[in-house]
Visitor: 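Questions regarding the structure given below will be posed in turn.
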Amino acid sequence: MCCLHAALPTRLSTTMRLSRSFLPTLKENPAEAQIVSHRLMLRAGLVRQTASGIYAWLPAGLKVLRNISQIVREEQDRVGAQEVLMPTLQSADLWKRSGRYDAYGPEMLRIQDRHKRELLYGPTNEEMITDLFGQAVKSYKDMPQVLYHIQWKFRDEMRPRFGVMRGREFLMKDAYSFDLDYASAVASYHRMMLAYLRTFQRLGVRAVPMRADTGPIGGELSHEFLILAPTGESGVFYDAALEDQDWLDTPVDVESPTALEAFYTRVTTPYAATDEMHDTTAWDAVPEDRRREGRGVEVGHIFHFGTKYTKAMDVSVIAADGSQIYPEMGSYGIGVSRLVGAIIEASHDENGIIWPASIAPFKAAILNLKVGDETCDALCERIYNENPEEFLYDDRSDRAGAKFADADLMGHPWQIVVGPRSAKEGRVELKRRATGERHDLSVEDALALVLAD
RNA sequence: CGGGCAGUAGCGCAGUCUGGUAGCGCAUCAGUCUGGGGGACUGGGGGUCGUGGGUUCGAAUCCCGCCUGCCCGACCA
């Protein structure tokens, strides 16, 4: 052991060196995985299944999950939502108050503790957040409120499949808005629409908002966000006018209901619908060259449902005139773990994953093509130390082919290829994963490009 | 939950029909040669054949039960 310690460098960042990392890639497709994202997630060492529909997240997968969560978090915060963290286990009493304990089917995982008290692993959090809100907020002066959390949920699906896209345990961002009246609730809804469009754009995917069925509650305030992917569960139809809009560069005053309304109109005017909501008459009115049709994976859902829970659970606030008001609620979900699969469905090729830079587990892989060669080793170490948190250094003594194949599979946006010939001149080959372009560059130029991405 | 298929080494599979004590490729370990797209050679390690019972002198193989996983459907973020 003493020899091992002596061999270690003084600065430890072992997890990013492939030779010492827990990033088990597979050359062959596991038989259990049928769809491309599931295969790639297993092969790239992002997850391992531990039970039907339940996955362990390995280091690279966890980094993706965290990167997605962080973008979601920043955009929620930006529209004034406040983060909380509610537990995974909930008391059945809470659900009995809303009447959903009996209404919810066998998808709810019910548990008993040692005192025979009934618990459940939360499939969603309307009851709990309504209760928490009601305990703390008593006056119109403390309204409105928007709370969210990012937490694991469980739905005991009859048939889990498609890897993390239809698992039983899944990570989700749930936000809940509480408003004094309908007009204010509409503004909350609009704000969330903006946050969602910005979020998905930052995640590097196109998620199109589509009118969704509001069910028995009625109204028009329900949209699903779908990522186009051939394995999607719904057929989608939309107007190409929704493509290539830059929501990050669209200034909207989130405090102004008028500005929000105008923005919302702009988003919802072009035709967009899933097959359940498809209106062929309206579709025919879309110019033919702008019709986009395909399949989509639902990765987000925003929904206004009014006073359903506040009334059922008798949670009210006192208005300025002394009357009691049941707050208007909305809920807003983003399937964080599902997004990992959905994004891979939408962004891969025959060699592996192509990560959008914003969520990639590593910005770049450094491929040392001749481990043991002094020049190569030194140059790789130098590059690696520029950003050890975001670079993955492939220092394994494998053949070049294996390193290229693994780097392509894992989908790093950039590959910094360090070979013995060019290393002598301080040059590397920089490969962009998305396009396959390669450029022979000085180390400085290559680093500048990668670090600016 | 209906219909179909499958569990044999870390992964992918053969062997099951016709019972005789388990094999191939990849991975892994040691070594040598290699070194820019999953390299070659030599030698080695690794398997309660999902599980419980039954039939048999003998079961991965035949019979029954159970468990687990995958696909299609219904359902679903």
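Computed from a prediction, not measured in an experiment: that's the story for all the values here. Every chain is numbered from 1, with letters handed out A, B, ... down the list of sequences.
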Visitor: For a side chain to side chain donor-acceptor pair (under 3.5 Å) check, start with the C-alpha distance between A:Q76 and A:Y148, then their side-chain angles and the critical distance, and finish with the verdict.
Guide: CA-CA 8 Å; A:Q76 291 293 295; A:Y148 73 98; over 6 Å; no
Visitor: Tell me: CZ of A:F404 to C1' of B:G35, nearest whole Å?
Guide: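 In whole Å, B:G35 C1' and A:F404 CZ are 12 Å from each other.
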Visitor: Starting from C1' on B:G39, measure out to NZ on A:K27 and report it in whole angstrom.
Guide: 10 Å
Visitor: Assess whether side chain to side chain donor-acceptor pair (under 3.5 Å) is satisfied between A:N368 and A:D377, documenting all intermediate values.
Guide: CA-CA 7 Å; A:N368 186 341; A:D377 290 354; 2.9 Å; yes
Visitor: Identify the nucleotide, in any strand shown, that forms a Watson-Crick or G-U wobble pair with B:U32, with both distances under 3.5 Å; if there is none, say none.
Guide: B:A40
Visitor: Give one of base, sugar-phosphate or nothing for A:G333, where a contact means two heavy atoms less than 4.0 Å apart.
Guide: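 If one applies the 4.0 Å heavy-atom cut-off, A:G333 turns out to touch nothing in the nucleic acid.
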Visitor: How far, in whole Å, is B:C63 from B:G4 if one measures between their C1' atoms?
Guide: 22 Å
Visitor: Would you say the side chain of A:E28 and the base of B:G25 hold a donor-acceptor pair, judged only by whether the two atoms sit under 3.5 Å apart?
Guide: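 In this structure, the two groups form a donor-acceptor pair.
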Visitor: Is a donor from one side chain sitting under 3.5 angstrom from an acceptor on the other, for A:E298 and A:H301?
Guide: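 Short answer, yes.
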Visitor: Say you pick atom P in B:A27 and the same atom in B:G39; how far apart are they, in whole Å?
Guide: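 Their P atoms lie roughly 6 Å apart.
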Visitor: How long is the line joining CG of A:D156 and C1' of B:C75, in whole Å?
Guide: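 The answer, rounded to whole Å, is 13 Å.
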Visitor: Where each residue is assigned the nucleotide of RNA chain B containing its nearest heavy atom, which of A:D406 and A:G53 is assigned the position nearer the 5′ end?
Guide: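 The residue whose closest nucleotide sits nearer the 5' end is A:D406.
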Visitor: Does the structure show a Watson-Crick or G-U wobble partner for B:G46, both distances under 3.5 Å? Name it, or say none.
Guide: none
Visitor: Could you check how far CD of A:E276 sits from P of B:A74, rounded to whole Å?
Guide: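 Distance, rounded to whole Å: 12 Å.
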Visitor: Tell me the interatomic distance from A:E233, atom CD, to B:A74, atom C1', rounded to whole angstroms.
Guide: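 Roughly 15 Å, once rounded to whole Å.
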Visitor: With rounding to the closest Å, how many angstrom separate the P atoms on B:G69 and B:U8?
Guide: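 Here B:G69 and B:U8 have their P atoms 14 Å from each other.
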Visitor: So, A:R17 and A:D394, do they make that salt bridge, N to O below 4.0 Å?
Guide: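 Looking at A:R17 and A:D394, the cut-off is not met.
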Visitor: Distance between the C1' atoms of B:A22 and B:C33, in whole angstroms?
Guide: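 Per the computed distance, 34 Å lies between those C1' atoms.
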Visitor: If the condition is side chain to side chain donor-acceptor pair (under 3.5 Å), which residues does A:Y264 pass it with, not counting sequence neighbours?
Guide: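 Listed in chain order: nothing, the list is empty.
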Visitor: Please tell me which of the listed nucleotides, B:G39, B:C75, B:G36, lies nearest to the side chain of A:R421?
Guide: B:G36
Visitor: Would A:F170 count as stacking on B:A77 if stacking means ring centres less than 5.5 angstrom apart and planes tilted under 30 degrees?
Guide: yes
Visitor: Expressed in whole Å, how much space separates the C1' atoms belonging to B:U55 and B:C62?
Guide: 8 Å
Visitor: A:A400 has a side chain; which of B:C76, B:G36, B:G69 sits nearest to it?
Guide: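 Among the listed nucleotides, the one closest to the side chain of A:A400 is B:G36.
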Visitor: Taking only the P atom of each, what is the distance from B:U16 to B:A6 in whole angstrom?
Guide: 14 Å
Visitor: Taking pairing as Watson-Crick or G-U wobble with both contacts under 3.5 Å, can you name the mate of B:A60, or confirm there isn't one?
Guide: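 Because no pair has both required distances under 3.5 Å, B:A60 counts as unpaired.
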Visitor: Give A:S234 one of three labels, base, sugar-phosphate or nothing, depending on what nucleic acid heavy atoms sit under 4.0 Å from its own.
Guide: nothing
Visitor: Picking from B:G69, B:C11, B:G36, which would you name as closest to the side chain of A:S52?
Guide: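 Ranking B:G69, B:C11, B:G36 by closest atom to the A:S52 side chain puts B:G69 first.
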Visitor: Measure from the side-chain heavy atoms of A:R161 and tell me the nearest of B:C75, B:G12, B:A77.
Guide: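 Taking heavy atoms from C-beta onward, the closest nucleotide is B:C75.
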Visitor: Grab the CD-P distance between A:E298 and B:C75 for me, whole Å please.
Guide: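 To the nearest whole Å, that distance equals 15 Å.
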Visitor: If you look at every strand shown and take non-hydrogen atoms under 4.0 Å, does A:A405 touch a base, only sugar-phosphate, or nothing?
Guide: base
Visitor: Whole angstroms only, please: what is the CE-P distance between A:M158 and B:U68?
Guide: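 After rounding, the gap between these two atoms is 16 Å.
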Visitor: Considering every strand and a 4.0 Å limit on heavy-atom distances, what is the contact class for A:A51: base, sugar-phosphate, or nothing?
Guide: sugar-phosphate
Visitor: What is the nucleic acid contact for A:D373, judged by heavy atoms within less than 4.0 Å: base, sugar-phosphate only, or nothing?
Guide: nothing
Visitor: Do A:S358 side-chain atoms and A:R202 backbone N/O form a donor-acceptor pair below 3.5 Å?
Guide: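 Here the side-chain-to-backbone pair exists.
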Visitor: Verify, without hydrogens or angle tests, whether A:R39 (side chain) and A:A33 (backbone) share a donor-acceptor contact under 3.5 angstrom.
Guide: yes
Visitor: Can you identify which nucleotide, out of B:A77, B:A74, B:C71, has its nearest atom closest to the A:Q34 side chain?
Guide: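 Minimum distance to the A:Q34 side chain belongs to B:C71.
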Visitor: In Watson-Crick or G-U wobble terms, both distances under 3.5 Å, what is the partner of B:C75?
Guide: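 Result: none.
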Visitor: Within the structure, does a side-chain N or O atom of A:R159 lie under 4.0 Å from either OP1 or OP2 of B:C70?
Guide: no
Visitor: Under 3.5 Å for both donor-acceptor distances, Watson-Crick or wobble: does B:A6 have a partner, and if so which one?
Guide: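 B:U68 is the nucleotide pairing with B:A6.
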Visitor: With heavy-atom distances below 4.5 Å as the criterion, would you say the side chains of A:L226 and A:V299 are in contact?
Guide: no
Visitor: Going by modelled atom types, is there a donor-acceptor pair between the base of B:C76 and the side chain of A:R155 at under 3.5 Å?
Guide: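 Not at all, since no donor on one side and acceptor on the other fall under 3.5 Å apart.
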Visitor: If you check every side-chain atom of A:K370, which of B:C70, B:A77, B:G35 has the closest atom?
Guide: B:G35
Visitor: Among the candidates B:C11, B:C75, B:G36, find the nucleotide nearest to the side-chain atoms of A:P30.
Guide: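 For A:P30, the side-chain atoms sit closest to B:C11.
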Visitor: Whole Å only: how far is the CZ atom of A:R39 from the C1' atom of B:C71?
Guide: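 Going from CZ in A:R39 over to C1' in B:C71 covers 12 Å.
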Visitor: Give one of base, sugar-phosphate or nothing for A:K173, where a contact means two heavy atoms less than 4.0 Å apart.
Guide: nothing
Visitor: Which value, in whole Å, describes the distance between the P atoms of nucleotides B:U56 and B:C13?
Guide: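 These two P atoms come out 36 Å apart once rounded.
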Visitor: Which of parallel (below 30°), tilted (30 to 60°) and perpendicular (above 60°) describes A:F303 and A:F305?
Guide: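 It falls in the tilted class, 30° to 60°.
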Visitor: Name the residue closer to the 5' end of RNA chain B, choosing between A:D408 and A:F162 according to the nucleotide with the nearest heavy atom.
Guide: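 This one resolves to A:D408.
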Visitor: Base, sugar-phosphate, or nothing: which does A:R168 touch, judged by heavy atoms less than 4.0 Å apart?
Guide: nothing
Visitor: Counting Watson-Crick and G-U wobble pairs only, both distances under 3.5 Å, name the nucleotide matched with B:C13, or none.
Guide: B:G23
Visitor: Which value, in whole Å, describes the distance between the C1' atoms of nucleotides B:G54 and B:U61?
Guide: 15 Å
Visitor: Report which part of the nucleic acid A:G167 touches: base, sugar-phosphate, or nothing (heavy-atom distance under 4.0 Å, all strands).
Guide: base
Visitor: Check the phosphate of B:C70 against A:Q49, side-chain N and O only, distance under 4.0 Å to OP1 or OP2. Yes or no?
Guide: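 Indeed, a polar side-chain atom of A:Q49 lies that close.
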Visitor: State which of B:G36, B:C26, B:U34 makes the closest approach to the side chain of A:R399.
Guide: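 It is B:U34.
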